> 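Have a look at the structure that comes next, please.
Here the structure is a predicted model, which is why all the values come from computation and not from measurement.
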Amino acid sequence: MKTLFERLGGSHTRCGDYLIPDFVPPKKENVGIWGERRRRYLRASNRNLYDALLLSGRLEAHLAEIDRNATEMLETLTAKLKSLEGVSEKLKAEDQLAWVRAMNSIRNRAEEIVTNELIINQ
């Protein structure tokens, strides 16, 4: 007679007197810095969603998607803000410190927007 585990499609390996389930963990996705930030946020602030994604095997795919979207959004925002504020290669050649200050400001604002839009309020 098959066990419920076997009827549901599971298999096991016998080790002495024990039956050890043949568990294959979900495929590990490429999760970058934004995916890891989302993971930390979910683990700390939305444990129910984190557990549901983890137990359903969709956590890694969710984090990889967040990472891709956040990276794309950051690049787009950075480019738009550079254009709006007139930060160019000409400024970089003329006054490197002013260019670095402007780019750091732009990058920080863009990261804050991405964090609020995709990491916290997703």
Side-chain angles (χ1 to χ4, degrees):
M1 179 175 179
K2 286 187 173 186
T3 64
L4 176 62
F5 178 68
E6 291 169 329
R7 286 186 294 207
L8 293 174
S11 63
H12 59 269
T13 304
R14 182 171 293 279
C15 264
D17 292 337
Y18 299 100
L19 296 176
I20 309 295
D22 297 329
F23 176 71
V24 178
K27 185 181 109 181
K28 191 89 168 154
E29 297 273 346
N30 184 15
V31 177
I33 189 169
W34 293 104
E36 290 300 328
R37 287 178 182 180
R38 176 72 172 166
R39 182 191 315 264
R40 276 196 316 265
Y41 172 77
L42 288 176
R43 207 182 279 153
S45 301
N46 197 343
R47 192 60 189 220
N48 291 335
L49 178 59
Y50 176 80
D51 289 341
L53 289 169
L54 180 64
L55 294 174
S56 69
R58 297 183 323 216
L59 179 63
E60 294 298 319
H62 171 76
L63 297 177
E65 180 183 349
I66 291 290
D67 189 68
R68 283 190 298 273
N69 292 343
T71 301
E72 181 182 316
M73 185 177 186
L74 181 67
E75 290 172 2
T76 303
L77 282 171
T78 302
K80 283 183 181 179
L81 289 171
K82 276 176 59 175
S83 174
L84 286 173
E85 295 178 15
V87 178
S88 64
E89 293 299 316
K90 181 180 177 192
L91 176 62
K92 185 177 180 180
E94 292 173 356
D95 188 359
Q96 287 183 353
L97 288 177
W99 182 84
V100 168
R101 278 192 301 272
M103 286 303 298
N104 283 342
S105 174
I106 289 169
R107 182 88 175 173
N108 289 339
R109 285 181 281 150
E111 285 181 357
E112 188 69 28
I113 292 168
V114 169
T115 299
N116 286 327
E117 294 292 321
L118 293 179
I119 305 303
I120 296 173
N121 296 322
Q122 179 66 16

> To the nearest 0.5 angstrom, please state how far the CG atom of L63 sits from the CZ atom of R68.
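These two atoms lie 10.5 Å from each other.
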> How many angstroms lie between OG1 in T115 and CE in M73, if you round to the nearest 0.5 Å?
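One gets 9.5 Å once the value is rounded to the nearest 0.5 Å.
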> Rounded at 0.5 Å granularity, tell me how far CD1 in I113 sits from OG1 in T76.
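Here the interatomic distance stands at 12.0 Å.
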> Kindly give the cluster partners of L84, where membership spreads through any ILVMFWY side chain lying under 4.5 Å from a current member.
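Traced through the cluster, L84 reaches no other member.
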> Is it the case that the side chain of N121 and the backbone of E117 share a donor-acceptor pair, with hydrogens and angles ignored and the cut-off at 3.5 Å?
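Not confirmed, N121 side chain does not pair with E117 backbone.
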> Just to verify, what does S105 make a side-chain hydrogen bond (donor to acceptor under 3.5 Å, both in side chains) with, not counting sequence neighbours?
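In terms of side-chain hydrogen bond (donor to acceptor under 3.5 Å, both in side chains), with neighbours along the sequence ignored, S105 is linked to R109.
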> Is any NZ, NE, NH1 or NH2 atom of the basic residue among E111 and R107 found under 4.0 Å from an Asp or Glu carboxylate oxygen of the other?
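Here E111 pairs with R107 in a salt bridge, since their nearest N and O are under 4.0 Å apart.
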> Considering non-hydrogen atoms only, spot the tightest contact between I20 and C15 and give its length.
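Heavy atoms of I20 and C15 come nearest at CG1-CB, 4.1 Å.
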> If we ignore hydrogens and angles and just use 3.5 Å, is the side chain of R38 paired with the main-chain N or O of I119 as donor and acceptor?
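Confirmed, R38 side chain pairs with I119 backbone.
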> I'd like to know if the side chain of T71 and the backbone of D67 have a donor-acceptor N/O pair within less than 3.5 Å.
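Indeed, once roles are kept as given, a pair shorter than 3.5 Å links the two residues.
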> So do the side chains of W34 and L118 get within less than 4.5 Å of each other, counting heavy atoms only?
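Not in contact.
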> Would you find a donor on one side and an acceptor on the other, under 3.5 Å apart, between the side chain of S45 and the backbone of L42?
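The answer is no, because no donor-acceptor pair under 3.5 Å joins these two groups.
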> Would you say I66 and R39 make side-chain contact, with heavy atoms under 4.5 Å?
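Counting from C-beta outward, I66 and R39 never come under 4.5 Å.
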